[in-house]
J.: 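My questions will all concern the structure given below.
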Amino acid sequence: MEYRQLGRSGLMVPALCLGTGTFGGKGEMFARWGNTDDLGARRLVDVCLEHGLNFFDTANIYSAGAAEEILGAAIKGRRAQTLIATKATFNMGEGPNDKGSSRYHLIQACEASLQRLGTDYIDVYFMHGFDALTPVEETVRALDALVQSGKVRYVGCSNFSGWQVMKSLAVADRHGWERYAVYQGYYSLIGREFEWELMPLMQDQSVGLMVWSPLGWGRL
C-alpha cells in the first residue's frame with residue numbers, strides 16, 4: 001500500500017481509505033446506500049488491514065450513529081492498527097443545539113462519537129459542512145481545544161467553499177490554533193469543479209485532499 005503525507009502534517013495515511021456510509025442502512029436515505037451489518041463490516045475491515053489499508057472514514061450522521069457503532073465493533077481490539085476519521089456539524093437531534101459547529105455542539109458531538117466508536121481519540125475530525133451561524137473563531141478554537149485535550153489528533157473540513165476554507169485557515173494562523181490539515185470533497189472525472197478554486201488553494205496552503213465519490217456516484 002502506498003502511503004502519503006496528510007497535508008503539511010506529519011501523519012502518513014494510505015492512498016486509499018474505506019468509507020462507511022453503507023454501514024447500518026438506517027433511515028430512508030442511508031437504506032438506499034447500503035445495509036452492511038456487523039459481520040459484513042468486520043469482513044471488510046479484515047480485508048483492508050490484510051492489504052495495508054488501515055484508514056476508515058465515517059460520520060456521526062451516517063445511519064444516525066449506527067455506522068460509527070458498527071465500525072467501532074469491527075476494529076475492537078485493533079484500534080492501534082487503524083486510523084479513524086469522523087465528522088460533525090449536521091443535525092443529530094431535535095434540539096436547537098443538536099447541529100452546527102458551535103463549541104457546545106462540537107464538544108457534545110465529539111464525546112458521542114468517541115463513545116460509539118469505542119475509542120478515546122479520533123485521528124482526523126472533520127467539520128462535515130460550513131456553519132454560517134457560528135463565528136469561525138468559535139469553531140476553530142473549539143477544535144483546537146479538542147486537539148489539546150488529546151481527544152482529536154488532526155482536524156479537517158468537508159464540503160466548504162474556497163473562501164470558507166481560507167477564512168478558517170487565516171483565523172487559525174492568526175491565533176496559533178490548530179489549522180485544517182485536510183479537506184474532503186467531491187472530485188471525479190465527471191465532477192471536476194474542485195479544480196477551479198479549491199485545488200490551487202489546497203496546493204498553496206499545503207492542505208491535504210480526501211476525495212469522496214471518486215467514481216462519480218457509481219457512474220464510472
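Computed over heavy atoms, backbone and side chain alike; hydrogens, waters and symmetry mates excluded.
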J.: For Leu220, enumerate each residue passing the side chain to side chain contact (heavy atoms under 4.5 Å, CB included) test, keeping only those at least two apart in sequence or located in another chain.
T.: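 For Leu220, the residues satisfying side chain to side chain contact (heavy atoms under 4.5 Å, CB included) (neighbours in sequence not counted) are Ser188, Leu189, Ile190, Leu215.
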
J.: Distance to the ring centre below 6.0 angstrom and angle to the axis at most 45 degrees; does that hold for Arg153 and Tyr125?
T.: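 Negative - Arg153 is either too far from the ring of Tyr125 or too far off its axis.
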
J.: Could you tell me whether Asp57 and Lys87 make a salt bridge, using a distance below 4.0 angstrom between a side-chain N and a carboxylate O?
T.: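 Here Asp57 pairs with Lys87 in a salt bridge, since their nearest N and O are under 4.0 Å apart.
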
J.: Less than 4.5 Å apart, side chain to side chain, heavy atoms only: is that true for Thr86 and Glu68?
T.: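 A side-chain contact under 4.5 Å exists here.
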
J.: Looking at Asp173 and Arg179, is there a salt bridge between them, counting it only when a charged N and a carboxylate O are closer than 4.0 Å?
T.: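 Looking at Arg179 and Asp173, the cut-off is met.
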
J.: Please say whether more than 12 non-hydrogen atoms of neighbouring residues, nucleotides or ligands are located less than 6.0 Å from OH in Tyr3.
T.: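 Yes.
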
J.: Using modelled atom types only, decide if a donor and an acceptor are shared between the side chain of Gln5 and the backbone of Ser9 within a distance under 3.5 Å.
T.: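 Judged by distance alone, yes, a pair lies under 3.5 Å.
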
J.: Indicate yes or no: does Arg78 engage Asp46 in a salt bridge with an N to O separation below 4.0 Å.
T.: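 A salt bridge is present here (some side-chain N lies under 4.0 Å from a carboxylate O).
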
J.: Taking all heavy atoms of Val171 and all of Trp177, pick out the closest pair and write down the distance.
T.: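 The answer is CG1-CZ3, 3.9 Å.
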
J.: Under 6.0 Å between the ring centres of Phe30 and Tyr62?
T.: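 Yes; Tyr62 has its ring centre under 6.0 Å from that of Phe30.
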
J.: Are the ring centres of Phe130 and Trp163 closer than 6.0 Å?
T.: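 Under 6.0 Å, so yes.
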
J.: When you compare the side chain of Trp212 with that of Trp217, does any pair of heavy atoms fall below 4.5 Å?
T.: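 Touching, per the 4.5 Å side-chain cut-off.
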
J.: Cluster partners of Val124, using ILVMFWY side-chain heavy atoms under 4.5 angstrom, listed by chain and number?
T.: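 The other cluster members (ILVMFWY side chains, heavy atoms under 4.5 Å, direct or chained) are Leu6, Leu11, Val13, Phe55, Leu83, Phe126, Tyr154, Val182, Met210.
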
J.: Is it true that a side-chain atom of Glu138 and a backbone atom of Ser102 form a donor plus acceptor pair closer than 3.5 Å?
T.: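 A pair under 3.5 Å: no.
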
J.: Taking all non-hydrogen atoms of both residues into account, name the closest pair between Thr89 and Ser101 and its distance.
T.: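 Taking every non-hydrogen atom into account, OG1-OG, 3.1 Å.
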
J.: Mark yes when over 12 heavy atoms from residues, nucleotides or ligands other than Arg192 sit less than 6.0 Å from its CZ; otherwise mark no.
T.: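 Check fails, neighbour count at 12 or below.
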
J.: Sub-3.5 Å donor-acceptor pair from the side chain of Asn54 to the main-chain atoms of Gln81, do we have one?
T.: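 Looks like yes, one N/O pair under 3.5 Å.
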
J.: In terms of heavy-atom contacts, does CD of Gln115 have more than 12 from other residues, nucleotides or ligands at under 6.0 Å?
T.: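 No - once you tally the heavy atoms of other residues, nucleotides and ligands closer than 6.0 Å, there are 12 at most.
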
J.: For side chain to side chain donor-acceptor pair (under 3.5 Å), just list the numbers for Tyr180 and Gln205, CA-CA rounded to whole Å, side-chain angles, deciding distance to a tenth of an Å, and then say yes or no.
T.: CA-CA 10 Å; Tyr180 292 136; Gln205 292 295 310; over 6 Å; no

J.: So, the side chain of Asp123 versus the backbone of Ile84: is there a donor-acceptor pair under 3.5 Å, distance only?
T.: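 A pair under 3.5 Å: yes.
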
J.: Through direct or indirect side-chain contacts below 4.5 angstrom among Ile, Leu, Val, Met, Phe, Trp and Tyr, which residues connect to Trp196?
T.: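 Its cluster mates, by chain and number: none.
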
